[in-house]
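Convention: sequence-line order gives letters A, B, ...; per-chain numbering from 1. Note that the structure is predicted; figures quoted are calculated from it, not measured.
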Amino acid sequence: MAQLLDDDFLKTLQRLTLLTRGRFRGRMSGRRLTPRAGMSLEFAEYKEYHPGDDPRYVDWNLYGRLGKLFIKVFTREEDVPVYIFLDVSRSMEIGDKLRAAARLAGALAYLALKDLNRVGIFPFASELAHGVPPRGGHRQIFEIFRFLQEISPTGETSINESLTRFTRVRRESGLAILISDMLSEGGYEEGLARLRYHRYEIIVLHLLAPEDLDPRWGGELRLWNVENRDELLLHVSRETLRSYTRALSEYRRELEAFCRERDLRYFALSSGDSLEEIVLRTLREGALVG
Amino acid sequence: MVTLLAGGMLWLLGLGAVITIVYFLKRQARRAPVSSLMFWRGLERQPQSALRLRWTQLLGLFLQLLALGALVTGLAQPVWTTSAGGVRTLALVLDGSASMRAHWGPEGTPRYLRATREALKALRSNPAAEATLIGAQERSSVLVPPTHDHGRFERALANFEPTYQGNADIDELVSLIQSQFPDGADRVIYITDHQPSVDLQGLGWDVRVIGSEMSPVNVALTRFVVREQPSGDGVALFLEAWNGDDVPREFTLQISSDERLLAARAVGIPAETSVQFTFTVSGPPAPRYLARLLTGEGRDDWPEDDVRYATLPAKQPWRVLWVGEGDFYLKRFLLAGQATLSQHSSWDASLLLSTVNDVVVLTGGAEVSEPGPGRYLLLGTSLRPWVEVDGDVDTATARVRVEADHPLLEGLDPADWRLLRVPRTHVAPQGRVILSINGVPLLYLYEVGEVRLAFLGVDLGASNLGLSVDFPILMHRLLSWLSPQAEAETVLTTGTELPMANAQSPVQVIGPDGRSCQVGSDEACGLVDRPGFYELVRGPRTVRYAANLPAEESRQLREEADAISANASSSATTPPPHPQTAEALRVARPLWPYLVGLGVALLAVELVLFDRSFFSARARPRAATRTRGWDP
């Protein structure tokens, strides 16, 4: 794989930030406010003193007026764990979706790492594969880029199984970004529901290829599923193509409705569009990048 | 019969096998990788639609093969050769002489219209012919040069109108056809109203005689001449009328001059006979005379030949070759309009050859050697061996004596002539001395063989003769005896030219319809193209001409009737074909444009009906694949 992201685009990304809706507890200081009281200079609130609290933060002036012990609570900026789930099933090689997905993952990882967050890449197909564990720091971006450049398609898509597996091994909630064509015979609902249950903020980047969206072939065809080698003999006429498009659109509507109902953020993307267009227009308009 | 000009192209029909193979390969389902079969399942066709699909595909294959067949056959350039197209080159010769104007009665169809219909029929039976149209009359002409544009040919036929000229010269027609088709015409069709005198069928020509039925009245004036009376009082009119009918006819013959009726007489003409009539009209001559045969309105088949025109002939001036000293009196007389002079001071035998003259005038000082044949007027000078002069004789008191009575002296009185001296003259005995004085010949005439001379032994400077009234009379008579004054014929036939030779000054021609034209201008001028009076104006001088139809045109009206009946039997047999005709009858028509057009049309139908992806791929905008755009 050639260089994942060019320098000009990386400079553009320098000016952007990955926007999240929720607050997550981090481990290290970062640039995002957390629900925990912190050590920053910004005052948050007063809190009644309980044994065990640090007596250095007792507000003695208030004790003089009220006769009760209160301590000052300051805001705390912590990092956010960002988990990027990358579909590497064989279907992602249709229309070069995998490369587009890898570049998109790289761009998002760069944005997250730039803001001192921890980022991990979790490739999945029929099951969750070994990727890049979440870490912060500048070195991590090189690690991630190297991994994304060497990635190759394999196996069938199984979103439910992969995400369920993830929730079992990872307990720390964070931002979960799912980049996939979502063409999983087993569905996606359970996997996404489990992530949500574990309080992950979920972003679904539904990436399809122009070949998926608007197939141009016709006549006598043996349709061949690249994931499981299944075949289907079909005479593809204009009417057939229309029916296919209708079915695909219906599927996408259902997925979008599923996400909307569960407060998941959904983006429909095409690998035919440039990365710049996806990041700087689509994701920006959807307030994922700002 | 269909022949292929590029038969090698038929190998391309092998592409049909390629198309068939491609078709069956296409029927073998292609493998198309897809991300998922989720949305494709359930879209399989029903068995009924599958059968219909098969038939539709077979129809598509059939159309493709048909289109290929049409295109390849078109590339092989098939040509349809047919034998129904007539000849390759056709010369249509249409009689344009005056008699083609004749018709049967007032409502009858003129012959030339029948002729043009016949020509049109002949043209249309030879649709592929390169055809030429030739008008056959005294001055035959090419009306339409060889062309494949039959529309132009038909327009020329529609505008065709006969001339007033006489019959065509067959040799001239042959030359005209030869000039249009140097390799010879495959067929020559001559459409005329009379049987040609030459055997044209022997030349391979197809002669078609067009005529009307026998006309009710077929008479004509065939000759009309006017001459001055010898007495000088009035004119004599000579007429010839012809009756072409087989019964005797009676008509009224009218002669008029400029709307003034001069004479009218009932005349009877026996059947198929010409009769001559003479009229005398006293008084001064009129400039124009018109004779008309009154046959009754519309009865004659060709009324135009019942009228003839005449004028008095014009006298030509003498052309005089003058050699020697000038003589005042004689020269003044000649220049007064009686003669044109060509003057030379000395004699040269070549003068007779290099000049055109009627009379040679020799005066004193002219030494003539080797005189050739000719007409000589000697004014007191020698011309050996017939006349020799040596010295003078004093005759102051002598009287002129008439030696012989001669018309030259009629009305003259030589006794009144006073002559101071005359030359001493010796004359050849073969001549005749008319006048003498003191035994010396004064007027001597000699005429042997081609030599005619008159000797006048008078020194006009030493006599009163030059001043007397006898002098111009005597001189005119002497010149008339030597060379009778030529009379220019002023009765012409249509189709000829007005005599305008040696015109040195501008000449204006005024035609019968009153229109005038200048000779030398762009418009045709000088040709007698219709009957009537013509005036030739050259300076102060006007010469009138009368133009009449050729008499033989009138006579053909009768001859034609016999010829038609003879031709009716002969026309049943088709003239022998020209040697080239058998080959020329075949006409080739290219078929390839139709086949190529059919092939392209079939391909278009196949493309529209069956190759739907061709259109569907273009029907969808590219933007449909954009991220938010692939919304249903």
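- Looking at A:H206, its side chain does come within 3.5 Å of a backbone N or O of A:D181 through a donor-acceptor pair.
- Both the backbone and the side chain of A:E231 come within contact range of chain B, with heavy atoms under 4.5 Å apart.
- Two rings, from A:Y188 and A:F258, have their centers less than 6.0 Å apart.
- The main-chain N or O of A:A287 is found under 3.5 Å from a side-chain atom of A:R265 such that the two form a donor-acceptor pair.
- Side chain of B:N126 to main chain of B:V87: a donor-acceptor pair is present (N/O by atom type, distance under 3.5 Å, no hydrogens or angles).
- Under the 4.5 Å side-chain criterion, counting only non-hydrogen atoms from C-beta, B:Q77 is not in contact with B:P590.
- A:F124 is linked by a ring pair (Phe, Tyr, Trp, His ring centres under 6.0 Å) to nothing, counting only residues two or more places apart in sequence or in another chain.
- Of residues 222-230 of chain A, those residues lying under 4.5 Å from chain B by any heavy-atom pair are A:R222, A:L223, A:W224, A:N225, A:V226, A:E227, A:D230.
- In this structure, a donor-acceptor pair under 3.5 Å is present between the side chains of A:Y110 and A:Q14.
- Only the backbone of A:S184 comes within less than 4.5 Å of a heavy atom of chain B; no side-chain atom from C-beta onward does.
- With B:T147 contributing its side chain and B:D149 its backbone, the two residues share a donor-acceptor pair below 3.5 Å.
- With 3.5 Å as the limit, one finds a donor-acceptor pair spanning the side chains of A:K97 and B:S35.
- Among residues two or more places apart in sequence or in another chain, the side-chain hydrogen bond (donor to acceptor under 3.5 Å, both in side chains) test is passed with B:R155 by none.
- Heavy-atom pairs under 4.5 Å with chain B peak, among A:L221, A:L183, A:T240, at A:L221.
- Interface with chain B: from residues 158-165 of chain A, no residue qualifies, criterion being any non-hydrogen pair under 4.5 Å.
- Using a 4.0 Å cut-off between a side-chain N of Lys or Arg and a carboxylate O of Asp or Glu, A:R252 and A:E256 qualify as a salt bridge.
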